[in-house]
2 protein chains.
Amino acid sequence: MNEGVEWAMHSCVNLSWAPGEAVTAKRLAAFYELPTAYLNKQLQALARAGILTSVSGPKGGFQLARDPRNISLLDIVVAIDGPDEAFRCTEILKAGPGADQKADYTKACLISHAMRTAELAYRRELAGQSIADIAERVVSQSPDAPENTRNHFANLKS
Amino acid sequence: MNEGVEWAMHSCVNLSWAPGEAVTAKRLAAFYELPTAYLNKQLQALARAGILTSVSGPKGGFQLARDPRNISLLDIVVAIDGPDEAFRCTEILKAGPGADQKADYTKACLISHAMRTAELAYRRELAGQSIADIAERVVSQSPDAPENTRNHFANLKS
DNA sequence: GAGCCATTACTCGGATAAAAGCTGTCCGAGTTGGTGCGG
DNA sequence: CCGCACCAACTCGGACAGCTTTTATCCGAGTAATGGCTC
């Protein structure tokens, strides 16, 4: 899995604590000492997916496009890592003896079915976790986290 | 995910229908018109993982190392694709402000925790499906499959 | 002094290289079965 | 005719290239604030 997924998730949590404010990729990257340009690329992907809104120029930056309760971890994974499943059935049964050339073995093949079922369980778990859920739990562990994050962003403005 | 996983799973199902017989990589590859040498590479990985036993020389080949009921789809994924999880936490929190350098953020980080939980659900599904389960279901769909497979192997002997 | 315009600085956005991992291939080590020779 | 040793063929096993995907970087397009100029 793409490493940018991790960065994107942490960045989204941080953005959830700066609502209404456009945060630049530079500041988001500085928070975890990440390469700015590459993080910017990931944030662009989130913007294309409709998770973030982007504004160019001075006073520009990124912010969450919708309520963090409506942004699931799955949304982020799909935006960064692509919509394809990890296991992709190549329908090798079509090359086997007694194969039905017009059959759709992505559905008929039992191995493909089992892998899809597992991946569905995975995606269901991820879809059930929102950025707001994570942020909420972080606050219960470290109540000062939101303010510390906002201060960190503010200090970098100088 | 590695494409060889699909090949390995189908090959294991086929091998479950030729118990006690050593089947060469060549014949297993011919079954689905796969590149022989590359499939051989995947079978080697299965042998290293203790899923298959390999014998060199004439009359040599591969066969299941244990009862197909004790070979899960997860075993095969781990053997081919490696034991690492798809999402690997790089502990970027350690570079953030107010980080505890001696903390293990692969456990403390809530994002890492959520991703691990999802992946655990994925692996649990895969661990619950054995090669015998798949083979059994294939038989209920196509009762002739085992014999057809054995015949196919036999015909290639010429 | 107020308003307008050009400039400037700063941001995102996509196009462009370097690196890593996956895919595919080839030749060597080892083993078994067959064959020829000797008893 | 029987036993033994050599030979040859076949298989797995690991080392070696080609290529796609990921990682990282750089420069250009666009935008808002700023400063200067004119009225």
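Chain letters run A, B, ... following the sequence lines, proteins first, then strands; residues in each count from 1.
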Quiz item: When you measure from the side chain of B:Q101 to the backbone N and O of B:K94, does any donor-acceptor pair fall under 3.5 Å?
Solution: yes
Practice problem: Over all heavy atoms of both residues, which pair between A:L93 and A:A99 is shortest? Give the atoms and the distance, please. | Solution: O-CB, 3.1 Å
Quiz prompt | Donor on one side chain, acceptor on other, A:D144 and A:S142, under 3.5 Å | solution = no
Quiz item: Can you list every pair that meets ring-ring contact (aromatic ring centres under 6.0 Å, His included) and has a residue in residues 1-29 of chain B, with sequence neighbours left out?
Solution: B:W7-B:Y38, B:H10-B:Y32
Would you tabulate the pairs of protein nitrogen or oxygen atoms and nucleotide nitrogen or oxygen atoms of nucleotides 7-13 of chain C closer than 3.5 angstrom?
unit_1	atom_1	unit_2	atom_2	d
C:dT11	O4'	A:G57	O	3.2
C:dC12	OP1	A:A25	N	3.1
C:dC12	O4'	A:S56	OG	3.3
C:dG13	OP1	A:S54	OG	2.6
C:dG13	OP2	A:S54	OG	3.4
C:dG13	N7	A:N40	ND2	3.3
C:dG13	N7	A:Q44	NE2	3.2

Practice problem: Any chance you could lay out the side chain to side chain contact (heavy atoms under 4.5 Å, CB included) test for A:M115 and A:E85, step after step, and finish with the verdict? | Solution: CA-CA 10 Å; A:M115 295 300 289; A:E85 306 188 3; over 6 Å; no
Quiz item: So which of A:I76, A:V138, A:I131, A:I134 actually passes side-chain contact (heavy atoms from CB on, under 4.5 Å) with B:I111?
Solution: A:I134
Exercise. Would you confirm whether A:Q42, through its side chain, and A:A8, through its main-chain N or O, come within 3.5 Å as a donor-acceptor pair?
Key: no
Quiz item: What is the per-nucleotide protein-contact pattern of nucleotides 18-23 of chain D, from the 5' end, where B denotes a base atom under 4.0 Å from a protein heavy atom, S denotes such proximity for sugar-phosphate atoms only, and - denotes neither?
Solution: -----B
Exercise. Check the pair B:Q129 / B:R137 against side chain to side chain contact (heavy atoms under 4.5 Å, CB included), numbers first and verdict last.
Key: CA-CA 11 Å; B:Q129 296 286 323; B:R137 253 172 273 159; 2.7 Å; yes
Quiz item: Atom CG of B:L39 to atom P of C:dC22: distance rounded to whole Å?
Solution: 17 Å
Quiz item: Between C:dC26, D:dT25, C:dG24, which nucleotide gets closest to the side-chain atoms of B:A37?
Solution: C:dC26
